[in-house]
Amino acid sequence: MEKILDCIAGQVRAAFSACGYEADYGKVTLSNRPDLCEYQCNGAMAAAKAYKKKPIDIAQDVADALRQSSADLFSQIDAVMPGFINLSIQESYLAGYLNRMASEDRLGLEPIGGGRTVIVDYGGANVAKPLHVGHLRSAIIGETIKRMGSFLGYHMIGDVHLGDWGLQMGLVIEELRERQPELVYFDEKYNGDYPEQAPFTIGELEEMYPAASARSKTDEKFKARAQEATFRLQNGYPPYRAIWRHIMDVSVADLKKNYESLGVTFDLWKGESDVQDYIPGLIEDLRKRGLAYESEGALVVDIAEDGDPKELPPCIIRKSDGAALYATSDLGTIIEREKLYAPFEYIYITDKRQELHFIQVFRVARKAGYVSPDRKMIHLMIGTMNGKDGRPFKTRDGGVMRLENLVKEIDDAVYARIMENRTMDEEEARTAARIIGLAALKYGDLSNQASKDYIFDIDRFTSFEGNTGPYILYTIVRIKSILARYEQETPREERGTAVIPEASSAQEKALMRKLAAYNEVIEASFSETAPHKLCQYVYELSDAFSGFYNTTPILKEEDPGRKAGYIALITLVKRVLETCIDLLGFEAPERM
Ligand code: ARG
């Protein structure tokens with residue numbers, strides 16, 4: 001369905017044109033004086049200069065033309081000094097728009113993606129290191145972007161892109177040698193098969209990496225051994241490959257469980273290790289074509305461009321000791337993705353500290369022609385999640401918070417809130433707390449602009465009032481209960497046809513106008529990779545519903561036709577809210 005603002009602008013453009021002016025002057029925006037009108041067009045002011053006329057005369061002309069052409073669309077058409085055109089939408093038109101919306105697939109959202117492929121690289125957990133809150137935002141935001149894109153008809157491919165090839169692997173291997181030197185992997189003379197079963201559990205593995213990392217900071221020899229082990233692993237040394245496999249199996253199973261508990265899923269579980277075979281060819285290609293050159297023993301590609309605000313260092317693709325780097329593996333990944341999926345667009349979601357890395361990778365990819373200029377490459381940089389003290393979020397004892405514990409803390413907070421009112425038995429409260437807790441966590445994150453740091457505040461996020469996930473769920477639950485009561489109280493033959501009528505109050509119209517903005521908001525949130533805009537929308541829609549609900553005794557309405565109309569309207573509110581929260585990656589409970 002055409003967006004409501006476009007429907008309006010279309011008419012205004014035609015009116016400019018009919019009066020002999022360039023149609024492009026007919027731009028329409030939401031009014032910034034809602035007390036005067038709902039929409040406005042300031043085009044007469046700009047046209048005045050070009051046509052050497054008084055703005056008010058042009059505005060008058062256009063307003064007259066609109067009164068002729070579009071009386072069904074506008075309830076108000078005013079030309080006011082010095083040359084504004086003030087507009088309000090006709091109630092019947094708005095009702096017609098919403099009824100069409102209610103009858104269409106996806107509530108009238110156009111499938112603008114047209115099946116084009118978009119790779120979303122998010123999550124980015126590192127194997128062998130526990131998944132912590134630092135990866136949380138990327139996972140939550142990426143999941144939403146993927147869901148919005150699919151809903152808009154793009155072919156979205158989500159890739160977790162594991163960090164599974166770095167020094168952490170060598171550290172864990174050497175830590176394992178310290179702890180269990182008798183294992184066959186460390187016997188140079190052993191040449192049998194390696195065990196199927198990993199010699200450690202996830203609990204042990206999680207404990208090994210921090211121990212090894214700490215040890216490497218004080219013990220130079222240990223650090224050198226870990227580097228050596230990493231190097232041998234990367235060159236295919238069989239026993240270390242076998243340990244690596246164990247680490248992967250144990251770690252990935254745990255990661256899957258964790259992501260699942262967040263409602264985050266991936267189409268691909270690829271990682272840095274998967275593209276290592278592309279790297280020699282990649283380096284050779286860049287070198288042969290003169291793009292990569294030796295600099296202080298390393299191999300680098302210049303990426304600086306005219307107009308850069310500051311000097312950007314070249315991208316190192318091979319260190320002087322021969323090791324490939326993070327950037328090299330991202331370039332290898334691009335080559336593989338081009339080969340397998342030829343995406344129309346790439347979206348990477350990571351910490352903002354990786355800004356330079358992605359500038360370098362994107363520029364090398366473009367310069368070498370691996371990604372053609374008409375393809376979009378986006379790095380969505382995310383800000384840090386801080387504690388109430390304004391510093392990166394930590395546990396009470398100062399460690400990095402495990403995701404599991406974080407989720408549990410939120411669930412417990414929600415559970416406590418539900419139990420304050422004691423409207424549910426414990427079991428139902430536990431289930432509801434899980435559902436509401438996830439919404440609190442995700443909405444708390446998504447409602448902040450991705451690139452900004454934000455304060456993780458459990459009390460605020462779990463509040464049932466204000467701009468929070470639970471408040472949105474509460475709105476849906478409230479509508480569900482009105483609808484259930486209506487069905488109970490009203491015999492089927494009295495229910496009337498479910499048509500949304502013309503608004504009869506300001507609150508009703510405000511709610512209807514919010515509903516009509518749905519398709520525009522989803523398109524913008526996706527194309528601007530800005531899930532916070534979708535959050536803002538569901539919040540405003542919930543508030544508009546509240547305004548309507550508080551002034552309209554829906555179930556007490558005596559006229560059955562009018563009552564059925566209210567029911568049709570709030571049913572659409574519920575559908576829109578449910579659709580939006582599904583895109584945001586959470587759902588509503590039955591009661592709360
Ligand atoms: N593993 C990386 C980290 O923890 C994030 C990976 C992001 N994706 C990518 N293609 N580089 O920082």
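Since this is a predicted model, take the numbers as computed values, not measurements. Start at 1 and go down the list; that is how both ligands and their atoms are numbered.
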**OP:** May I ask you to check whether H246 and Y185 place their ring centers less than 6.0 Å from one another?
**Re:** yes
Original post:
Parallel, tilted or perpendicular: which describes the rings of Y346 and Y348, with under 30° parallel and over 60° perpendicular?
Top reply: parallel
Original post:
Quick one: salt bridge (charged side-chain N to carboxylate O under 4.0 Å, His left out) pairs with a partner in residues 373-389, sequence neighbours left out?
Top reply: K388-D457, K388-D459
Subject >> Summary of side chain to side chain donor-acceptor pair (under 3.5 Å) pairs that have at least one residue in residues 310-329, sequence neighbours excluded >> reply: Y326-Q354
**OP:** Taking the six-membered ring for Trp and the single ring otherwise, decide whether the centroids of F456 and F461 are under 6.0 Å apart.
**Re:** yes
Original post:
Residues two or more places apart in sequence or in another chain: which of them pass salt bridge (charged side-chain N to carboxylate O under 4.0 Å, His left out) with D453?
Top reply: K352
Can you give me a line-by-line list of nitrogen or oxygen pairs between ligand 1 and the protein shorter than 3.5 Å?
residue	atom	partner	partner atom	Å
ligand 1	1 (N)	G124	O	2.9
ligand 1	1 (N)	N126	OD1	2.7
ligand 1	4 (O)	G124	O	3.2
ligand 1	4 (O)	N126	OD1	3.4
ligand 1	4 (O)	N126	ND2	3.0
ligand 1	4 (O)	H135	NE2	3.1
ligand 1	8 (N)	D121	OD1	2.9
ligand 1	10 (N)	D121	OD2	2.9
ligand 1	10 (N)	D330	OD1	2.7
ligand 1	11 (N)	Y326	OH	2.7
ligand 1	11 (N)	D330	OD1	3.4
ligand 1	11 (N)	D330	OD2	2.8
ligand 1	12 (O)	Q354	NE2	2.8

